[in-house]
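Read through the structure below, which is laid out as structure tokens, and then see the notes.
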Amino acid sequence: MTGKAFSEPIYVTRPFFPNLQDLHESLEEVWQNQILTNNGPKHKELEMALCQTLKVPSLSLFNNGTIALITAFQALDLAGEVITTPFTFPATPHVLTWNQITPVFCDIHPITMNIDASKIESLITDKTSAILGVHVYGTPCDVSEIENIAQRHGLKVVYDAAHAFGVEIDGKGIGTFGDISMFSFHATKLFHTAEGGGLTFNDRNLKAQIDLLKNFGIKNEDEVILPGINGKMNEIQSALGLINLRYLEEERQRRKAIIEVYRQELSNVEGITLLDFPSNVRPSYQYFVIRIQKDKFGVSRDDVHRQLKEYNVFTRKYFYPLCSDYECYKKSSTARLPDLPIAQKVVQEVLALPLYGHLPLDDVKTICDLIKSFSSVRRKSHRAR
Ligand code: T4K
């Protein structure tokens, strides 16, 4: 180990903490209202504010993104098989399993790392009811091709947009694509409510159905009309969300500046690939992920991940291992290694670097210097000079 480790650990992310006084004032209103949950005033206000921010016609808040996504499949009454990506957080396929739906794993695109639309059709069977795309790291899926496939085969489209808060394609909110999209408002997200999530949809008629499903299916005092669940966001979470929204643009700009330093420092390093956003896409600034090609960089992604820890820098191998390699899915006929060659390759290369608004730019530069210093290829060429 050369050089000094950071005195404090640097994590892949840190939650945004707003001014505590602002939260205190907002909680005073909650205390005055005497309403803590069940579609209270803060909840209603946050739903309206998020519709504007996300540029969506309709939104329903939830206590977390996973329960929201489970509910989306209930609302659309889906069953059988759903085609999805193996390169995602465990919640994505687990949500299908919780709905008694079989996840069918489709390989990913070599550049975007999202579900490869050109490979979806070969996986459609008479049991397929939907496609579940994930906008991994906030990069949009090939939404137009997925829409075409869905129309041709009469399938629903659901998007896991957990990483895609504020993403737009040609000025259109990402949550307007497909039948339903799910956003996560977990503490580690760009916008958060500590724990929380939301479903967005164009069909306003879905709102009543989804709101019923997240409240036990209770229609009124005398009628329970659906087998619902408790998916409600409470007033304290909603109050935190409303305050965090005030700081959203500031947090985005800080993350943008950090990403610029990363890009400047790492874009010309042999063996490191950065993920580019198309020019018509407004980015999420949720994660900053690099890909490390061992044959060109000299050391593997795992080595970089391990060596950074020695310097007190805790990066993450999001999303290693592939979902198709989990014990609960690996026996599935679509989890076979030869059918998922790109996902198998990508999952060995990705590394999410620290990204959060109050990460000092000097620290970002130091992290980049450390990464570059690990490259045995560089060291060899230095010695040769
Ligand atoms: N779909 C996708 C594609 C997702 O990525 C996710 C969640 C979901 C669905 C489900 O949405 P939710 O049901 O969660 O709303 C984190 C988050 O827990 C998870 O929400 C997120 N994706 C995933 C990508 O990341 P972990 O296990 O990696 O987080 P954790 O707790 O290790 O936190 C990472 C680092 O952040 C820690 O090392 C330290 C720091 N941290 C974290 C928390 C929670 C803090 O400093 N303070 C904190 O309070 O999953």
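The figures that follow rest on heavy atoms only: side chains count, while hydrogens, waters and symmetry mates do not. All ligand and atom numbering here is 1-based and tracks the order in the structure.
- Each of the following atoms of ligand 1 lies closer than 4.0 Å to a heavy atom of Y287: 24 (C).
- Those atoms of ligand 1 with a heavy atom of T88 less than 4.0 angstrom away are 3 (C).
- Each of the atoms 15 (O) of ligand 1 lies under 4.0 Å from some heavy atom of G196.
- Using a 4.0 Å cut-off between charged side-chain N and carboxylate O, D339 and K119 make no salt bridge.
- Polar contact with ligand 1: present for G65 (N/O pair, distance under 3.5 Å).
- Within the 4.0 Å cut-off (strictly below), a protein heavy atom is located near atom 28 (O) of ligand 1.
- Atom numbering of ligand 1 starts at 1 in the shown order; those under 4.0 Å from a heavy atom of R14 are 45 (C), 46 (O).
- If you look at D160 next to ligand 1, the close heavy atoms, those under 4.0 Å, all belong to the side chain.
- Between the choices K317, H163, R316, the shortest heavy-atom distance to atom 30 (P) of ligand 1 belongs to R316.
- With a 4.0 Å cut-off on non-hydrogen atoms, I67 does not touch ligand 1 at all.
- Heavy-atom contacts of A91 reach the following atoms of ligand 1: 8 (C), 9 (C), 10 (C) (cutoff under 4.0 Å).
- A salt bridge is absent between D170 and R282: the closest approach of a Lys/Arg side-chain nitrogen to an acidic carboxylate oxygen does not fall below 4.0 angstrom.
- Checking only distances, E195 never comes within under 3.5 Å of ligand 1, N or O to N or O.
- Because its NZ or CZ atom is not both nearer than 6.0 Å to the ring centre of F62 and within 45° of the ring axis, K232 does not count as a cation-pi partner of that residue.
- Y329 and T97 share a donor-acceptor pair across their side chains, judged by distance under 3.5 Å alone.
- Remark: R254 is not positioned above the aromatic ring of Y285, lacking an NZ or CZ atom under 6.0 angstrom from the ring centre and at most 45 degrees off the axis.
- D302 and R306 are not joined by a salt bridge, as no carboxylate oxygen comes within less than 4.0 angstrom of a charged side-chain nitrogen.
- With a 4.0 Å cut-off on non-hydrogen atoms, Y356 does not touch ligand 1 at all.
- Nearest to atom 33 (O) of ligand 1 by heavy atom, out of L69, T193, T188, V95, is T188.
- Here is the list of ligand 1 atoms found below 4.0 Å of a heavy atom in T92: 1 (N).
- Within the structure, ligand 1 lacks A68 among the residues with a heavy atom less than 4.0 angstrom away.
- In the candidate list Q286, H186, K189, H94, K189 is nearest to atom 22 (N) of ligand 1, counting heavy atoms.
- Between E249 and R252 there is a salt bridge, with a side-chain nitrogen of the basic residue lying less than 4.0 Å from a carboxylate oxygen of the acidic one.
- Judged purely by atom type and a 3.5 angstrom limit, N63 has no side-chain atom pairing as donor or acceptor with the backbone of G197.
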